[in-house]
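Below you will find the structure I want to go over with you.
Each chain gets a letter, A, B and so on, in the order the sequences are listed, and its residues count up from 1. Just so it is clear, the values below take in all heavy atoms, side chains as well, and ignore hydrogens, waters and symmetry mates.
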Number of protein chains: 2
Amino acid sequence: MWGRGILRENVQSSVEECAREILDDVPLAMRAIRSQLRKNGAIEISIPQFRTLVFINRRSGASLSDAAEHMGLTLPSMSAMIDGLVSRNLVMRRTDSQDRRRMTLTLTERGRTTLQRARESTLAYLGGLLESTPAADRAVLVKGMQILKSIFAERSV
Amino acid sequence: MWGRGILRENVQSSVEECAREILDDVPLAMRAIRSQLRKNGAIEISIPQFRTLVFINRRSGASLSDAAEHMGLTLPSMSAMIDGLVSRNLVMRRTDSQDRRRMTLTLTERGRTTLQRARESTLAYLGGLLESTPAADRAVLVKGMQILKSIFAERSV
DNA sequence: TATTGTTATACTCTATAACTATA
DNA sequence: TATAGTTATAGAGTATAACAATA
């Protein structure tokens, strides 16, 4: 079963080899995803915009600070990004009635459909690339991604 | 051996599941790498700059067009990026004596040391994160990265 | 005429510093 | 005074359109 595709013998790997592979391959994948996201048909969005929409979709009503912290951005940076999303009618920004310093963020209808279409189109693109990959390799890839996530999840979000 | 860490039973994976993991996890890893690269001590460089330095280091004397094609950028974009690297004394840009339309790119001494230091510092950061990861998981991660690379290598250079 | 690159212009992403409004 | 956010400003990264130089 193992060994049908790329996976072969090694069941251990040095820290150094692993770090090298991550540094070499993650940026490669990222660039492909980014360029795909930018030709999503009608409404183009960037990776930071996409990630922001994902966050607001999941945490509807979150504040600007919440979003900035999640994305690892400064408040002015997030404020500018939300400006762009609001001006494109993808996000609604309203003053919190409880604490009038806070801004609450929610997706517009257009924001929801844009997010969903971007996600589906990118998944379809990735799916196309994965069609010719053996299922066993895909399983290794999925496990690898989950391990990758577990490594970065604590520190960098 | 398998199953010591995160890896468990599934040896197959659907295209959809796999695509979802890639789309969710690659950007997460990318952000961590980027933020690390930006605090490399003395000389800060961005991911695109880092990748450009890597390319020029490997293909010393390559032209602007070569670099642009490798990075998937337009010529004006790459021209601007090289402007920045030249002004920071990391890259030398000279007219090719054979074909005077072409610019040949090489690293300066400072470019070489900057690249090496950035690479080592980022690898050290990744290595630190990987210390507590079981070696069996690291092996899966390495295989996963290699599969990831093979998927994107053809299409998106 | 085709290729290689640059300049002009514009928009997004990001930061720091200084500010306003609210608590 | 402390917190939430905006405005001012600046620099990198990216694109398209128009241009110049060379082949």
### Message
Less than 4.0 angstrom from a charged side-chain N to a carboxylate O is my criterion; do A:R101 and A:D96 meet it?
### Response
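Answer for the salt bridge query: no.
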### Query
In residues 76-84 of chain A, what residues come within less than 4.0 Å of DNA chain C, judged by heavy atoms?
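The stretch gives A:P76, A:S77, A:A80, A:M81 as the residues lying under 4.0 Å from the strand, ordered by number.
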### Query
Given D:dG11, is OP1 or OP2 found less than 4.0 Å from the side-chain N or O atoms of B:R88?
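For D:dG11, OP1/OP2 do not have a side-chain N/O of B:R88 under 4.0 Å.
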### Message
Base, sugar-phosphate or nothing for B:R34? Non-hydrogen atoms, less than 4.0 Å.
### Response
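Here B:R34 touches no strand at all.
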### Task
Just do the side chain to side chain contact (heavy atoms under 4.5 Å, CB included) check on A:D66 and A:R102 with the steps written out, would you?
CA-CA 10 Å; A:D66 294 337; A:R102 309 184 98 227; 4.0 Å; yes
### Message
Rounded to whole Å, please give me the gap between CE in B:M103 and P in D:dA20.
### Response
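Distance check: B:M103 CE to D:dA20 P gives 18 Å.
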### Message
Near DNA chain C, counting only heavy atoms under 4.0 Å, which residues of residues 46-56 of chain A show up?
### Response
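Here the set is A:S46, A:P48, A:Q49.
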### Message
Check this for me, if you would: do B:D137 and A:K143 make a salt bridge, where the nitrogen-to-carboxylate-oxygen distance has to be below 4.0 angstrom?
### Response
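A:K143 and B:D137: not salt-bridged.
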### Message
Does anything in residues 95-102 of chain B come within less than 4.0 Å of DNA chain C? Heavy atoms only, and list the residues if so.
### Response
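Heavy-atom contacts with DNA chain C come from B:R101, B:R102.
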### Task
Determine the interplanar angle of the A:F152 and B:Y125 rings, folded into 0 to 90°, and report it as parallel if under 30°, tilted if 30 to 60°, perpendicular if over 60°.
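Answer is tilted, since the angle falls between 30° and 60°.
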### Task
Among the candidates C:dT6, C:dT4, C:dA15, find the nucleotide nearest to the side-chain atoms of B:S65.
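Selected nucleotide: C:dT4.
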### Query
Which heavy atom in A:T108 sits nearest to a heavy atom in A:N89, and how many Å separate them?
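Of all heavy-atom pairs spanning A:T108 and A:N89, the closest is OG1-O, 2.7 Å.
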### Message
Need one value for B:L64: base, sugar-phosphate or nothing, where a base atom within 4.0 Å counts as base even if backbone is also close, heavy atoms only.
### Response
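Sugar-phosphate contact only.
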### Task
Please check if the side chain of B:R110 supplies one atom and the backbone of B:R88 the other of a donor-acceptor pair under 3.5 Å.
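Yes, the answer is positive, given that a donor and an acceptor are paired below the 3.5 Å cut-off.
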### Message
Do the side chains of A:E120 and A:R117 get close enough for a salt bridge, i.e. N-O under 4.0 angstrom?
### Response
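Salt bridge between A:E120 and A:R117, a charged N being under 4.0 Å from a carboxylate O: no.
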### Non-hydrogen side-chain atoms of A:M30 and B:P27 separated by less than 4.5 Å
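Sidechains of B:P27 and A:M30: in contact.
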### Query
Taking NZ, NE, NH1 and NH2 as the nitrogens, is one of them in B:R20 or B:E17 under 4.0 Å from a carboxylate oxygen of the other?
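Looking at B:R20 and B:E17, the cut-off is not met.
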### Query
Looking only at heavy atoms, which two atoms of B:I22 and A:L130 are closest? And how far apart?
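Looking at all heavy atoms of both residues, the shortest contact is CD1-CD1, 4.3 Å.
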### Query
Atom CG of A:L75 to atom C1' of C:dC13: distance rounded to whole Å?
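The distance from CG of A:L75 to C1' of C:dC13 comes to 15 Å, rounded to the nearest Å.
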### Query
Should A:D24 and B:K149 be marked as a salt bridge (charged side-chain N to carboxylate O under 4.0 Å, His left out) after you check the CA-CA gap, both sets of side-chain angles, and the distance that decides it?
CA-CA 9 Å; A:D24 288 345; B:K149 173 167 54 184; 5.8 Å; no
### Task
For A:L37 and D:dA15, give me the distance from atom CG to atom P, rounded to whole Å.
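Value for this atom pair: 15 Å.
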### Query
CD of B:E44 versus C1' of D:dG13: gap in Å, rounded?
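The distance from CD of B:E44 to C1' of D:dG13 comes to 16 Å, rounded to the nearest Å.
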### Query
Tell me: CZ of A:R93 to C1' of D:dG5, nearest whole Å?
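Between C1' of D:dG5 and CZ of A:R93: 9 Å.
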